[in-house]
Novice: 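Got a structure for you, written out below as structure tokens; questions coming shortly.
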Amino acid sequence: MAEEKKGTEAQEKSGGSNKMLIIVLVIFNMLALGGMGAFAMMRNPAPVEPVEATEHEAKAEPEGHEGEESAHEPEAAVIADLGPTETLGSFVVNLNEPGSPRYLKATIKIGLENEAVKDELRKREPQFRDMVIAYLSSLNVRQTQGLLAKEDIRNNILQRLNNVLKTGKLQRVYLTEFVIQ
């Protein structure tokens, strides 16, 4: 009977140390995975893109844009009549971020003054796409974030394309897809 007690005591002690070893290994694995995840996030942080401005943000004037009309309110003409549009296409470009590969995917539609502009846009599509690619790839992540930045992008594309059009003018640039990674 004394031998049976010694055998069960030895099993209980070894079983307790096995449980402790398993717990220590699980905790170690959790810490290691958390550390690897934190390292990966620090190396390639995800961009923070505001989904929608709150009412307070929309009313506040952003820094560096004092005295400008609010870019948050659409023009009355745009709401009243969309007019003819043409898709310029989708663009995937490397952003100008040294040391960090960042990409922008944008799909652009153009609001046209008349149908004659549509014909010229179609004929000169490679030239216009090249101009848009050159412009978008010159931007960095900071220049693409927020409502005002997107309005600046729309205005710059509109101005660049209108400078070379001969048969009319573009009315508006629509960003129908805009993703940064």
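Small disclaimer: the values here were computed from a predicted structure and weren't measured. Only heavy atoms go into these numbers, but all of them, side chains included; no hydrogens, no water, no symmetry mates.
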Novice: I need the single residue from L161, N156, N162 that forms a side chain to side chain contact (heavy atoms under 4.5 Å, CB included) with L158. Which is it?
Specialist: N162
Novice: Near R129 CZ, under 6.0 Å, is it more than 12 heavy atoms from other residues, nucleotides or ligands?
Specialist: yes
Novice: Does a salt bridge link K166 with E120, judged by any charged N lying under 4.0 Å from a carboxylate O?
Specialist: no
Novice: Please examine the side chains of S90 and T107, heavy atoms only from C-beta on, and report whether any two atoms are closer than 4.5 Å.
Specialist: yes
Novice: Quick one: closest heavy-atom pair of M131 and R160, and the distance?
Specialist: CE-O, 3.2 Å
Novice: Going hydrophobic residue to hydrophobic residue with side-chain gaps under 4.5 angstrom, can you get from V173 over to V164?
Specialist: yes
Novice: Examine distances only and state if a side-chain atom of N18 and a backbone atom of L21 form a donor-acceptor pair shorter than 3.5 Å.
Specialist: no
Novice: Measuring from atom CD of E86 to atom NZ of K109, what distance do you get when rounded to the nearest 0.5 angstrom?
Specialist: 7.5 Å
Novice: Is there a side-chain contact (heavy atoms from CB on, under 4.5 Å) between S137 and N94 once you walk through the steps?
Specialist: CA-CA 6 Å; S137 64; N94 295 321; 5.7 Å; no
Novice: Using a strict threshold of under 4.0 Å (side-chain N to carboxylate O), is an ion pair present between K118 and E125?
Specialist: no
Novice: Please find the pair of heavy atoms, one from F91 and one from I108, that lie closest to each other, and give the distance.
Specialist: CE1-CD1, 3.8 Å
Novice: Give a yes or no on whether I180 and V92 share a hydrophobic cluster (residues Ile, Leu, Val, Met, Phe, Trp, Tyr; joining criterion: side-chain heavy atoms under 4.5 Å apart).
Specialist: no
Novice: Could you tell me whether the side chain of N163 and the main chain of Q159 form a donor-acceptor pair under 3.5 Å?
Specialist: yes
Novice: side-chain contact (heavy atoms from CB on, under 4.5 Å), that's the test. Do L136 and T144 meet it? Break it down for me.
Specialist: CA-CA 9 Å; L136 291 176; T144 63; over 6 Å; no
Novice: Please test V179 against Y103 for side-chain contact (heavy atoms from CB on, under 4.5 Å), starting from the C-alpha separation and ending with a verdict.
Specialist: CA-CA 8 Å; V179 180; Y103 305 96; over 6 Å; no
Novice: Taking all atoms of both residues into account, what is the closest heavy-atom pair of A106 and F178, and its distance?
Specialist: CB-CD1, 4.1 Å
Novice: If you measure from CG on L104 to CD on E177, what distance do you get to the nearest 0.5 Å?
Specialist: 9.5 Å
Novice: Measuring from atom CG of L170 to atom CG of L121, what distance do you get when rounded to the nearest 0.5 angstrom?
Specialist: 6.5 Å
Novice: Around atom NZ of K169, are there more than 12 heavy atoms of other residues, nucleotides or ligands at under 6.0 Å?
Specialist: yes
Novice: For a quick test of reading the model, state the closest non-hydrogen atom pair linking L165 to R124 and the distance between them.
Specialist: CA-NH1, 4.1 Å
Novice: Can you confirm whether L95 sits close enough to N140 that some side-chain heavy atom of one is under 4.5 Å from a side-chain heavy atom of the other?
Specialist: no
Novice: For side-chain contact (heavy atoms from CB on, under 4.5 Å), just list the numbers for F128 and I110, CA-CA rounded to whole Å, side-chain angles, deciding distance to a tenth of an Å, and then say yes or no.
Specialist: CA-CA 11 Å; F128 294 139; I110 306 290; over 6 Å; no
Novice: Would you mind reporting whether L139 and I153 have side-chain heavy atoms less than 4.5 Å apart?
Specialist: yes
